[in-house]
Amino acid sequence: MSTAYPDSRVEHEGATFWLEKDADGTKELVIEGAEADVLETFEGSADAGAFRAPVTPDNAKAVRAALPWLTPQLFGLEMTAGTGDRLGLCTPGHVLAFKEVGTINPVFAQQSTREMGRCGRTPRNVIDDATWGAFQAGWTGPVGADADHQKIEESLTACAEAGFVFFTVDPGDEMDMAAHDDDEATLRSKAESLDLSAVDTSVEDLVKRYAGTTVELESGPLVLDEAEVVRAAVKAGPALTRGMELITHVKGLDVPHEFEFAIDETDKPTTYVEHVVLVMELQRLGVELVSFAPRWVGQFEKGVEYIGPLDKLKENFDKHAEIARALGPYKLSLHSGSDKFSIYPLFAEATAGASHMKTAGTSWVEALRVIARHDPNLLLEMLQLSLESLEENRHSYHLSCDVTKIPSNPKREDADELVTALDSRQVLHVGYGATLEKYGDEIKDVLRAHEDELYEVMRTHFIRHLEPYVR
């Protein structure tokens, strides 16, 4: 006996579409009243007057064509938020939050190639899971798709072929972070040897172009002096070169696209002069940015609140937002935005709607609450494996967890608290690759068996993330 998801029922061009779940948990698309040319795009068969199609990649592509609002689109400067889902099961809960909050455009399909690899997923998996989840929960508004933290041409091609349209170009690995603090002699020596010919410039050109320039901001003029321009050129110049290679590659793929330029995963904050020089150089090279992701002051660690003085962060938000309005406008992007509840009002006020917020791991770690409640032994096994593999898991993530503060022999009744406590939460947060590889089927079985509870966990958690932007 099949059970329909009532929210999925939608009529379009004379046909009715909905999703059903069989007793064994298998999901199936049902279509009534569609023309033959529409049904021909689906794999399935007629049954008692209805056409039934399994939930497959080919049918996900067909349903995107039949219900075009499910095809990822460009949002431009509209306010957006991404809900990266490492499991591919959480989108219906995300939909509930966006429906309740309103105003903010959802980017349900969002994942970096790094995370896809650890999760055993492909770009197409990410798009298709988001499609079925949005359809199931009755989302009929536009959706986005963010190929997050893209560093190589091959993954950009794969994401474009899958249907991603928002490309977060991340050349941060090329940043010369030592230049942030280098003495003047070292900086000058680096400047003399830095080759920026690939972007048709040089450090000398940048000095001539920007030294002495004044950017009129709402809080007062920002004057770019020569020493700051040289430092910005040395620190960020290689990232500009690599970023342009990635951007040029996407432009050559002949797909719908918009760009975010991200340098947030670095050890030092992005200075205001770096922001100006990078964006103005991108503009000189013909790039129209939709979003820019600087490295903010303070610490944006995984799964926990912002670490640092809020007054300094507010000043940082305000000044970068002023620059974005003066040079653009373009949006500012808040990466590692999960669970930073104290800062959302500050970011919302500074950006005045010209913002993009990214979340990723919070859906994964909050889903573990359902595991903790219904299979605490599995949660404890996942924690143990996450601890054993922590040194490998933590690469590329900012963490301050202290494993000595995690109970050495936790009990079943401790499972839910382990998802909340900072130290164990961060360990579980970054342990997704190892735990999905070993326990993936068991994890997903529990979550599917309690999917309504999973969706409610997502709904309540994401409302807390989204509401500050619309107050």
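Heavy atoms only: backbone and side chains are in, while hydrogens, waters and symmetry mates are out.
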Trainee: Take atom NZ in Lys151; do more than 12 heavy atoms of anything else shown fall under 6.0 Å from it?
Mentor: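 For Lys151, atom NZ is crowded (more than 12 foreign heavy atoms under 6.0 Å).
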Trainee: With side chains defined as the heavy atoms from C-beta onward, is the minimum distance between Leu282 and Tyr330 less than 4.5 Å?
Mentor: no
Trainee: Are there over 12 heavy-atom neighbours, none belonging to Glu288, within less than 6.0 Å of that residue's CD?
Mentor: no
Trainee: Ignoring hydrogens and angles, tell me if any N or O in the side chain of Tyr439 forms a donor-acceptor pair with the backbone of Ala434 under 3.5 Å.
Mentor: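 Side chain of Tyr439 to backbone of Ala434: no pair is present.
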Trainee: Whether Lys319 engages the ring of Tyr272 as a cation-pi pair (distance to the six-membered ring centre under 6.0 angstrom, angle to the ring normal within 45°) should be assessed.
Mentor: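 Because its charged atom sits under 6.0 Å from the ring centre and within 45° of the axis, Lys319 does stack over Tyr272.
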Trainee: Determine whether Gln426 and Val430 make a side-chain contact, defined as any pair of heavy atoms from C-beta on separated by less than 4.5 Å.
Mentor: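 No; the side chains remain at least 4.5 Å from each other.
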Trainee: Closest approach of Gln111 and Cys119, non-hydrogen atoms and distance?
Mentor: NE2-SG, 3.9 Å
Trainee: Do Arg114 and Asp148 meet the salt-bridge criterion of a basic N to acidic O distance under 4.0 Å?
Mentor: no
Trainee: So which heavy atom on Leu19 is nearest to which on Ser8, and how close?
Mentor: N-OG, 2.9 Å
Trainee: Indicate yes or no: at least one non-hydrogen side-chain atom of Pro309 is less than 4.5 angstrom from one of Val297.
Mentor: no
Trainee: Give a yes or no on this: more than 12 heavy atoms of other residues, nucleotides or ligands lie within 6.0 Å of atom CD of Glu305.
Mentor: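 Enclosed: over 12 neighbouring heavy atoms sit under 6.0 Å from CD of Glu305.
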Trainee: For Ser112, give me all partners under side chain to side chain donor-acceptor pair (under 3.5 Å), at least two apart in sequence or on another chain.
Mentor: none
Trainee: Closest approach of Leu70 and Ala134, non-hydrogen atoms and distance?
Mentor: CD2-CB, 4.0 Å
Trainee: Should the pair Arg118-Glu115 be classified as a salt bridge under the 4.0 Å nitrogen-to-oxygen rule?
Mentor: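 Not counted as a salt bridge, because no side-chain N and carboxylate O are separated by less than 4.0 Å.
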Trainee: Output all residues satisfying ring-ring contact (aromatic ring centres under 6.0 Å, His included) with Tyr306, sequence neighbours left out; order by chain, then residue number.
Mentor: Phe300
Trainee: Within the structure provided, determine whether Pro72 and Ile127 are in side-chain contact (heavy-atom separation under 4.5 Å).
Mentor: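 In short, these two side chains touch, coming nearer than 4.5 Å.
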Trainee: Is Thr113 close to Ile152 at the side-chain level, that is, under 4.5 Å between some pair of heavy atoms?
Mentor: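 Ile152 does not reach Thr113 side chain to side chain.
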Trainee: Just by modelled atom types, is the Ser336 backbone N or O under 3.5 Å from a matching donor or acceptor in the Lys340 side chain?
Mentor: yes
Trainee: Hey, could you give me the OG1/CZ distance between Thr131 and Arg124, rounded to the nearest 0.5 Å?
Mentor: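 Interatomic distance, Thr131 OG1 to Arg124 CZ, rounded to 0.5 Å: 8.5 Å.
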Trainee: Which pairs with one or both residues in residues 240-263 pass salt bridge (charged side-chain N to carboxylate O under 4.0 Å, His left out), sequence neighbours excluded?
Mentor: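 Listed once each, the pairs are Glu153-Arg242, Arg242-Glu245, Glu260-Lys358.
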Trainee: With sequence neighbours excluded, what pairs up with Glu315 under the side chain to side chain donor-acceptor pair (under 3.5 Å) test?
Mentor: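 Glu315: no side chain to side chain donor-acceptor pair (under 3.5 Å) contacts found.
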Trainee: Please report the shortest heavy-atom distance between Ile104 and Val101, naming the atom on each side.
Mentor: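 Reported closest heavy-atom pair: CD1-CG1, 4.4 Å.
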Trainee: Under the side-chain hydrogen bond (donor to acceptor under 3.5 Å, both in side chains) rule, what do Ser363 and Asp85 come out as? Steps first, then yes or no, please.
Mentor: CA-CA 6 Å; Ser363 292; Asp85 176 10; 5.5 Å; no
Trainee: Looking at Glu226 and Arg188, does any basic side-chain N land under 4.0 Å from a carboxylate oxygen?
Mentor: yes
Trainee: Charged N to carboxylate O below 4.0 Å: is that the case for Glu366 and Arg425?
Mentor: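 Yes, Glu366 and Arg425 are salt-bridged.
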Trainee: Excluding sequence neighbours, so at least two apart, what forms salt bridge (Lys or Arg N to Asp or Glu O under 4.0 Å) with Glu218?
Mentor: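 Glu218 satisfies salt bridge (Lys or Arg N to Asp or Glu O under 4.0 Å) with Arg325 once adjacent residues are dropped.
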Trainee: Scan residues 90-121 for pairs that pass ring-ring contact (aromatic ring centres under 6.0 Å, His included), counting only residues two or more places apart or in two chains.
Mentor: His94-Phe462, Phe98-Phe108, Phe108-Trp139
Trainee: Does any N or O in the side chain of Arg86 come within less than 3.5 Å of the main-chain N or O of Tyr432, such that one atom is a donor and the other an acceptor?
Mentor: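 Not confirmed, Arg86 side chain does not pair with Tyr432 backbone.
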Trainee: Taking all atoms of both residues into account, what is the closest heavy-atom pair of Ala350 and Ala321, and its distance?
Mentor: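 In this case the closest contact between Ala350 and Ala321 is O-CB, 3.3 Å.
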Trainee: Not counting sequence neighbours, list each pair that qualifies as a salt bridge (charged side-chain N to carboxylate O under 4.0 Å, His left out) and has a residue in residues 391-403.
Mentor: Glu391-Arg394
Trainee: Are any non-hydrogen side-chain atoms of Glu322 and Ser219 less than 4.5 angstrom apart?
Mentor: yes
Trainee: With sequence neighbours left out, which residue pairs that include part of residues 199-210 fulfil the salt bridge (charged side-chain N to carboxylate O under 4.0 Å, His left out) condition?
Mentor: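 Listed by first then second residue: Glu204-Lys208, Arg209-Glu281.
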Trainee: My understanding is that only residues two or more places apart in sequence, or in another chain, count here; which of them pass ring-ring contact (aromatic ring centres under 6.0 Å, His included) with His257?
Mentor: Phe259
Trainee: So, does Ser424 use its side chain to make a donor-acceptor pair with the main chain of Leu418 at under 3.5 Å?
Mentor: yes
Trainee: Only one of Trp69, Phe17, Phe135 forms a ring pair (Phe, Tyr, Trp, His ring centres under 6.0 Å) with His12, so which one is it?
Mentor: Trp69
Trainee: Quick check against the 3.5 Å criterion: does Tyr455 have a side-chain atom that pairs as donor or acceptor with the backbone of Val95?
Mentor: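 Such a contact is absent between Tyr455 side chain and Val95 backbone.
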Trainee: Is any side-chain heavy atom of Leu74 closer than 4.5 Å to a side-chain heavy atom of Val290?
Mentor: no
Trainee: In terms of ring plane angle, is the pair His461 and Phe341 parallel, tilted or perpendicular, where the classes change at 30° and 60°?
Mentor: perpendicular
Trainee: Evaluate the side-chain hydrogen bond (donor to acceptor under 3.5 Å, both in side chains) criterion for residues Thr80 and Lys331: first the C-alpha distance (whole Å), next the side-chain angles of each, then the deciding distance (0.1 Å), finally the verdict.
Mentor: CA-CA 9 Å; Thr80 47; Lys331 295 187 287 192; 2.9 Å; yes
Trainee: Could you work out, with side chain to side chain donor-acceptor pair (under 3.5 Å) as the rule, every residue matching Asn125, not counting sequence neighbours?
Mentor: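 Only Thr122 meet the side chain to side chain donor-acceptor pair (under 3.5 Å) criterion with Asn125.
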Trainee: Apply the test side-chain hydrogen bond (donor to acceptor under 3.5 Å, both in side chains) to residues Thr266 and Arg295: give CA-CA distance (whole Å), side-chain angles for both, the deciding distance (0.1 Å), then the verdict.
Mentor: CA-CA 7 Å; Thr266 55; Arg295 166 62 159 88; 4.7 Å; no
Trainee: With sequence neighbours excluded, tell me which residues meet side chain to side chain donor-acceptor pair (under 3.5 Å) with His429.
Mentor: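 Expected list: none.
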Trainee: Could you check His275, His320, His335 and say which one makes a ring pair (Phe, Tyr, Trp, His ring centres under 6.0 Å) with Phe292?
Mentor: His275
Trainee: Looking only at non-hydrogen atoms, find the nearest pair between Gly82 and Thr359 and report the distance.
Mentor: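 Looking at all heavy atoms of both residues, the closest pair is O-OG1, 2.9 Å.
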Trainee: Which pairs pass ring-ring contact (aromatic ring centres under 6.0 Å, His included) with one or both residues in residues 156-184, sequence neighbours excluded?
Mentor: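 Of all non-adjacent pairs touching residues 156-184, those that pass ring-ring contact (aromatic ring centres under 6.0 Å, His included) are Phe166-His356.
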Trainee: Between Arg231 and Glu228, is the closest basic N to carboxylate O distance under 4.0 Å?
Mentor: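 Arg231 and Glu228: not salt-bridged.
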Trainee: So does Glu265 have more than 12 non-hydrogen atoms from other groups sitting under 6.0 Å from CD?
Mentor: yes
